[in-house]
Every structure is written in C-alpha cells, then in structure tokens.
Amino acid sequence: MNTKPRIVVLGAGYGGMMATKKLIKNLSPEEAEIVLINKHNYHYQTTWLHELAAGTINPNQVRIMISDIISPNRVRLIYDTVEAIDKDNQKVLLENSELTYDYLVVSLGYETNTFGIKGMEEHAFFIEDFQSCQLLREHIEYQFARYNVDSNADDDSLAILVGGGGFTGIEFIGELVEKIPKLCKKYDIDRGKVKIINVEAAPSILPGFDKDLVTYAKKSLQERGADIMEDTRINECTEEGFIVGDNNELIKAGTIVWTGGVKGSSILSKSGFELTKGKVTVNGDLRAPGHDNIFIIGDCAWVMDKKQGRPYPPTAQAAMQHATTCANNIKALMNQEPLEEFTFSDKGTVASLGVTDGMGSILNGMKLYGKPAAAMKKVVDDRYLFLLGGPKLLLKKGKVRPF
Ligand code: FAD
Ligand code: NAD
C-alpha cells in the first residue's frame, strides 16, 4: 500500500515544470510521490508564442517533450485535461480519470480575457497556446496564398489587425513586420497592399512602461510599416474587423487578433476558488486562502507587491520564482517547519521587436535598444532552457547559435 504523501502538479508550463524539478530536488522518492498532469505530452515556451503565431520560428523549437526533461521513472506523468478540483475530497477531476492529492500545485496558466467585448470570442484569433498559434500562422499564410487566385480576395483580406498594444501585441507586430515582406515575395504580392495595424485603448502602447523604450519601439515598428493606433478603444469585433472609437468606425481585416489581456485558468472559477480578476489572491506563502495544502502559482496567482500596493504582472520570470518558493514550502509543510514568504526579484523586462530588434531594461534599470536588446532577449530565452534541461536542451532548442 502507498503511504507516501502524493504531490500533484497541474500544468506543465513555466511554473509547473520548474516546481516539479525543484520538488524532485527537495524530496527523495521515499518521501513523496510526485505527479505532473498536463493537457499534452509536450511543454511549450509561452514566451515564444508570438513567433510561432507569425511563423518566424520552427514550431518544433517552441515545444519540448516533457519526458525528455522529467523522468517518468521519478515523476508520474499524466497527459490529460484538468476539468475541476474537488477541494472537499482532495481530488482532481480529469477528462478521462480522477486522482486524489495530499498537496496540490495549481499552475494551469492563463486564458485570453476578452472582457466580454461583443464578437471577440467568435471572430478573433488568440495568442493563447501552442495550437491556437499554429492556427493563426496557417490562417495568415492562407490569406496570402488565396489573394492572387481567388477573385473574392481584396486588399482588406491581406490586412492584419491586432487589438491590444501590451507586450504580447507589440512583440507579435515586431514579428509580423519581418514576416510579411517574406510572404509578399513568396506569393507575388506588393508589400504596399498589406496593412499591419495595432489598436491600443490607452494614450500610448505599452501603458506604464518606460517612455524612452516605448518611443523607440513605436518608431521601429512604424518605420517597418506598422500602423499604430493609440487612444482607440475597440468596442466590438465582427467577421469583417474591429469597430473602434467614439464614432464606431469599422477597420477591416482578413486576420483579426486579440491580445487585449489575460486572466487565470477558468478551472479556478469552476472549482469554486474566490477570485480577484480571474485569479486567486494567494497568501504570502503562495497558498490559497483557507486551503493549507493548495498552492497557486504562475498566471493563476494574484500575488501582491505590498510596497507598490498592486499585483506583480503575470510573467514567466515570476512563475519560475513562485515555483521555487512553492517547492520549498511543500517540503517545509511535510516537515512541519515554518513556511517562507514569497519575494519577487525583478530581473528586468526585455521585449523583442522581431529577430534583430528589441528594447528593454535590465537589472538596475539599464536600458537596451536595437541589436543588443534583441541579443539579450535571446540570452534570457536560452537561460530558461538551460535552467530547465541543462546544456543538452540548450544545444537542441537554444536561440543563440555558438557556431
Ligand atoms: P504557462 O506557461 O502558460 O503553462 C500552463 C500549462 O498548463 C500549459 O502547459 C498548458 O498546456 C497547461 N494547461 C492549461 N490548462 C490545462 C488543463 N485544463 N489541463 C491540463 N493542462 C492544462 N513573461 C516573461 O517573463 N518574459 C517574457 O519575455 C514573456 N513573453 C511572453 C510572450 C508572449 C507571446 C506571451 C503570451 C506571454 C509572455 N510572457 C512573458 C508571460 C509568460 O509567458 C507567462 O506569464 C507564463 O507562461 C506563465 O507561466 P505559467 O506556468 O503560469 O503558465
Ligand atoms: P496586457 O494586459 O499587458 O496588455 C493588453 C493591452 O490591451 C493593454 O495595453 C490594454 O490597454 C489593451 N486593451 C485592453 N482592452 C482594449 C480595448 N477594448 N481596445 C484596445 N486596447 C485594449 O496583456 P499582454 O500583452 O497579453 O501581456 C500579458 C502578460 O504577459 C503581462 O504581464 C506582460 O508583461 C507579460 N508579457 C511579457 C512579455 C515580455 O516581458 N517580453 C511579453 C509578452 C507578455
């Protein structure tokens, strides 16, 4: 009979993969059984999804087989979809089975938030997961492929409209300004016929971010042919495009993408957790209030920055740091020791604006622009691969090519 406590980790993204790795390190096989549950048998780098969606990266570089990183001999790997958490009976309900837990780590990531905007769910593409981005990439290419052979295809069918000028929208536009000239060449289309439009409700794209860096990003994207519409609220999405602003103007496009915001996994609400803007406001030790054996990490967690009086932004950087605190606290709980408080160590923010351009600030606020920023972004991406799978994974999937 199995008397070891069972730790169940839900979701193999940044938070779940790193929490599982840390748990393996913290606990011997005799001390606990570890189970990792994920929808697919692969982990994907969410931070590279804008590249996948634009078609500027090989899809296989973006995903990694989970069993290549985490040994199935050490961790029980279950590839299934979580449908709900039955907290009263300490059970996870999956599409095809169910499983009890002693300790639970919820790291199911984000879902796109449409804020109830009419027509958005029906007509817009989302940069949400591996498959939604494959679909978006195929759709863009299809619009170009049909342009010269389908008499119904007009210039609007080539236009790409991106709603929301946060980091996801802006990084995606950065990839598009590099990809579109290549698609034009491939399908014999005049580049001047293709509009790439970003629509942002706030007075500026990347609201709240450093002004110099935002100015740089905007200029770089505009010079490469993107239209940036700021101070323009999207009111509705139709089959034809976005309806925007006070005059309800229609902007038409053959490809409509919504990158206007994220919320925590809907499994949280289905499971009866108390939510703040779709996430669980966790205690300082990352546990769900009232549930001593449930940790919520990554984009599912609303973690307050007490100094600033607002939550930390949902990032991969934060999800990985949550993972360490969570794994340490599970060990502490098992040993009846005091739990540690989560503290965020900000390493900065760097965004790509295509393959060779970028901007951001690192460590103590040092600003980077252009090629050095693009290179730094690749270093950050590769650092994660190294932390996850060591030099072998870095050589296999890394972006910085040493030779
Ligand atoms: P995720 O990494 O999204 O993982 C969630 C996992 O759960 C996935 O494997 C998914 O398949 C699985 N899952 C979901 N639902 C279920 C279910 N019901 N059943 C089973 N499995 C399920 N942050 C940064 O710090 N730096 C960046 O440069 C950066 N760039 C980004 C670029 C883009 C385009 C986007 C969209 C985000 C970016 N972010 C960045 C934010 C970052 O990606 C997220 O904050 C991070 O992925 C959150 O990690 P997570 O573990 O909570 O979720
Ligand atoms: P976000 O919430 O950061 O940005 C959404 C944007 O959409 C906002 O600028 C908002 O004003 C705009 N918007 C919302 N409603 C609108 C409307 N009706 N009309 C027009 N515009 C509207 O979401 P995101 O960009 O998906 O980012 C999610 C998280 O991932 C953030 O924490 C971000 O920092 C992180 N991220 C980080 C990086 C990076 O570090 N390089 C890259 C991508 C994402």
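Both backbone and side-chain heavy atoms feed into the values below; hydrogens, waters and symmetry mates do not. Please read all numbers here as calculations on a predicted model, not as lab measurements. Atoms within each ligand, like the ligands themselves, are counted from 1 in listed order.
Numbered from 1 in the order shown, with element, the atoms of ligand 1 that lie under 4.0 Å from a heavy atom of Ala319 read 49 (O). For ligand 2, the atoms closer than 4.0 angstrom to any heavy atom of Glu171 are 41 (N), 42 (C), 43 (C). Counting the atoms of ligand 1 from 1 in the order shown, those under 4.0 Å from a heavy atom of Gly15 are 51 (O). Those atoms of ligand 1 that come under 4.0 Å of a heavy atom in Gly109, given as number and element, are 5 (C), 52 (O), 53 (O). Ligand 2 places these atoms under 4.0 Å from at least one heavy atom of Thr349: 40 (O). Residue contact check: Pro207 has heavy atoms under 4.0 Å from atoms 9 (O) of ligand 2. Here is the list of ligand 2 atoms found below 4.0 Å of a heavy atom in Thr232: 20 (C). Below 4.0 Å from some heavy atom of Ile234 lie the following atoms of ligand 2, by number and element: 17 (C), 18 (N), 19 (N), 20 (C). Each of the atoms 41 (C), 45 (O) of ligand 1 lies under 4.0 Å from some heavy atom of Pro314. Within the listing of ligand 2, atoms 18 (N) sit less than 4.0 angstrom from a heavy atom of Ile117. Each of the following atoms of ligand 2 lies closer than 4.0 Å to a heavy atom of Gly261: 2 (O), 5 (C), 23 (O).
Contact annotation for Phe172 and ligand 1: no heavy atom of the residue comes within less than 4.0 Å of the ligand. Residue contacts with ligand 1 for Leu10 are absent, since no atom lies close enough (heavy atoms, distance under 4.0 Å). When heavy-atom distances to ligand 1 are checked against a 4.0 Å cut-off, Glu83 has no atom that comes that close, whether in backbone or side chain.
Val262 CG2, 3.9 Å is the protein heavy atom nearest to atom 28 (C) of ligand 2. Thr168 OG1, 3.4 Å is the protein heavy atom nearest to atom 44 (C) of ligand 2. Protein heavy atom nearest atom 16 (C) of ligand 2, with residue, atom name and distance: Trp258 CH2, 3.6 Å. Protein heavy atom at the shortest distance from atom 12 (C) of ligand 2 is Glu200 OE1, 3.2 Å. For atom 36 (C) of ligand 1, the closest non-hydrogen atom of the protein is Tyr110 OH, 3.3 Å. Scanning the protein for heavy atoms near atom 41 (N) of ligand 2, the closest one is Val350 O, 3.0 Å. Asn38 OD1, 3.0 Å is the protein heavy atom nearest to atom 9 (O) of ligand 1. In this structure, atom 30 (O) of ligand 2 lies nearest to the protein heavy atom Pro314 O, 3.4 Å. Of the protein's non-hydrogen atoms, Asp299 OD1, 2.8 Å is the one closest to atom 45 (O) of ligand 1. The nearest heavy-atom contact from the protein to atom 16 (C) of ligand 1 is Leu108 CD2, 3.6 Å. Looking only at protein heavy atoms, the nearest one to atom 28 (O) of ligand 1 is Lys377 NZ, 3.3 Å. Atom 19 (N) of ligand 1 has Val82 N, 2.8 Å as its closest protein atom, hydrogens excluded (heavy atom only). Nearest protein neighbour of atom 26 (N) of ligand 1, counting heavy atoms only, is Thr47 CG2, 4.0 Å. Of the protein's non-hydrogen atoms, the one nearest atom 6 (C) of ligand 1 is Gly13 N, 3.6 Å. Protein heavy atom in closest approach to atom 21 (N) of ligand 2: Ala201 N, 3.1 Å. Remark: minimum distance from atom 36 (N) of ligand 2 to any protein heavy atom is reached at Phe167 CB, 3.9 Å.
Taking 4.0 Å as the cut-off, Leu94 does not count as a neighbour of ligand 1 on heavy-atom distance. Look at Ser265 and you'll find every heavy atom at least 4.0 Å from all atoms of ligand 1. Using a 4.0 Å heavy-atom cutoff, Phe130 is absent from the residues neighbouring ligand 1. Residue contact check for ligand 1: His43 places no non-hydrogen atom closer than 4.0 Å to it.
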Using atom types as modelled, flag every donor-acceptor pair under 3.5 Å from a side chain in residues 312-321 to any protein atom, sequence neighbours excluded.
residue: Thr315; atom: OG1; partner: Ala318; partner atom: N; Å: 3.1
residue: Gln317; atom: OE1; partner: Lys347; partner atom: N; Å: 2.6
residue: Gln317; atom: NE2; partner: Gly348; partner atom: O; Å: 3.1
residue: Gln321; atom: OE1; partner: Ser345; partner atom: N; Å: 2.8
residue: Gln321; atom: NE2; partner: Ser345; partner atom: O; Å: 2.8

Let me have the donor-acceptor pairs involving side chains of residues 239-257, under 3.5 Å, with sequence neighbours excluded, atom names and distances please.
residue: Asn248; atom: OD1; partner: Asn235; partner atom: ND2; Å: 2.8
residue: Thr255; atom: OG1; partner: His139; partner atom: NE2; Å: 3.4

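The residue from Ile78, Thr46, Leu52, Val9 that puts a heavy atom closest to atom 43 (O) of ligand 1 is Thr46. Looking at His40, Met17, Lys39, it is Lys39 that brings a heavy atom closest to atom 21 (N) of ligand 1. Taking all heavy atoms of Gly166, Gly260, Ser352 into account, the minimum distance to atom 14 (C) of ligand 2 is reached by Gly260.
For Tyr14, a nitrogen or oxygen atom sits less than 3.5 Å from a nitrogen or oxygen atom of ligand 1, counting backbone and side chain alike. Note: an N/O pair closer than 3.5 Å links Ala316 and ligand 1 by distance alone.
The backbone N or O of Tyr101 lies less than 3.5 Å from a partner atom in the side chain of Gln90, making a donor-acceptor pair. No donor-acceptor pair under 3.5 Å is formed between the side chain of His50 and the backbone N or O of Thr168.
By the 6.0 Å contact criterion, CZ on Arg74 is enclosed, its count of non-hydrogen atoms from other residues, nucleotides or ligands being greater than 12.
Lys399 has a carboxylate O that lies under 4.0 Å from a charged side-chain N of Glu51, or vice versa, which qualifies the two as a salt bridge.
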